Amino acid sequence: MACVYSKISTADSLVLGAIQIMIGVFHVFMWYFLLVLYMGQIKGVFGTYEPITYKTGCTLWGTFFIIAGAFIIRVTKHPTRSGIICTLIINVFCIMTTIIAIILTIIELSHFKSVSYRNYGQAKLGREVSRILLFFYPLEFSIALAYSICSCCNLFQRHEDDATSLPQEAESTF
């Protein structure tokens, strides 16, 4: 297989983990910013602006990115088979989370209902935050995908190494 030879270095793994943590912290801070922004709205004739990404807590999903980054750093420093599998599962979950977040953000940005003139500025600022976050989702997706591919290949390579080393050890004992 071609992917068996794809190996990621320790420094690259640490950098990927640190970037995932930074993206996750940024998303959590943006969630807090949106929380303060949307809680300050005044009920008007047209109501308040509550986008679908805010209702689902889409930016709060950054905690998954923080956890995935911490797992990558942990597995890089202390690699075990179960740790690699756990990190792979969490990164696949992050991939699915980013795909869902991209879809929800695109839906939010494509539909805009009229809001009260008092809340228009807050709604406009909230939409700009969603546009900014839309740039970070593909970055998170690519980091999680790259690490998942490399860790999957690493698991496959370790499995092959374990399978080939057993007969050699048995032959050397006779």
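What you see is a predicted model, and the numbers here were worked out from it, not measured in a lab.
Proximity of the aromatic rings of Y32 and H27 is defined here by a centroid distance below 6.0 angstrom, and this criterion is not met.
A search for side-chain hydrogen bond (donor to acceptor under 3.5 Å, both in side chains) contacts involving R74 returns nothing, not counting sequence neighbours.
A heavy-atom distance below 4.5 Å is found between the side chains of L109 and L134. Contact of the Y147 side chain with the C152 side chain is not registered, since no non-hydrogen atoms from C-beta on lie closer than 4.5 Å. D12 places a side-chain heavy atom less than 4.5 Å from the side chain of S9. Between I66 and I23 the shortest side-chain heavy-atom distance does not fall below 4.5 Å. Residues L125 and F33 have side chains in contact (heavy-atom distance under 4.5 Å, counting atoms from C-beta outward).
Atoms CG and CD1, on L14 and I73 in that order, are 6.0 Å from each other to the nearest 0.5 Å. With rounding to the nearest 0.5 Å, the separation of CD1 in I72 from CD1 in I19 is 10.0 Å. A distance of 9.0 Å separates OG1 in T53 from CH2 in W61, rounded to the nearest 0.5 Å. For the atom pair CG (L139) and CE (M22), the distance works out to 9.5 Å, reported to the nearest 0.5 Å.
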In a table with atom names and distances, give each donor-acceptor pair under 3.5 Å that connects a side chain of residues 85-106 to protein atoms at least two apart or in another chain.
unit_1: T87; atom_1: OG1; unit_2: G83; atom_2: O; d: 2.8
unit_1: N91; atom_1: OD1; unit_2: Q20; atom_2: NE2; d: 3.1
unit_1: N91; atom_1: ND2; unit_2: T87; atom_2: O; d: 3.0
unit_1: T97; atom_1: OG1; unit_2: F93; atom_2: O; d: 2.7
unit_1: T98; atom_1: OG1; unit_2: C94; atom_2: O; d: 3.2
unit_1: T98; atom_1: OG1; unit_2: I95; atom_2: O; d: 2.8
unit_1: T105; atom_1: OG1; unit_2: A101; atom_2: O; d: 2.7

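A 6.0 Å sphere centred on OH of Y137 holds more than 12 heavy atoms belonging to other residues, nucleotides or ligands.
For residues 59-68, the set of pairs meeting the salt bridge (Lys or Arg N to Asp or Glu O under 4.0 Å) definition, not counting sequence neighbours, is empty.
By the criterion of side-chain heavy atoms lying less than 4.5 angstrom apart, applied directly or through intervening Ile, Leu, Val, Met, Phe, Trp or Tyr residues, I84 is grouped together with I143 in one hydrophobic cluster. Hydrophobic clustering, with ILVMFWY side chains joined whenever heavy atoms are under 4.5 angstrom apart, groups F26 together with L34. If you chain together hydrophobic residues whose side chains sit under 4.5 Å apart, M30 and L60 fall into the same group. Note on W31 and V129: same hydrophobic cluster, where clusters join Ile, Leu, Val, Met, Phe, Trp and Tyr whose side-chain heavy atoms are under 4.5 Å apart, directly or indirectly. With hydrophobic clusters built from ILVMFWY side chains whose heavy atoms lie under 4.5 angstrom apart, L35 shares a cluster with I132.
A donor-acceptor pair under 3.5 Å links the side-chain atoms of R127 to the main chain of E108, judged by distance alone.
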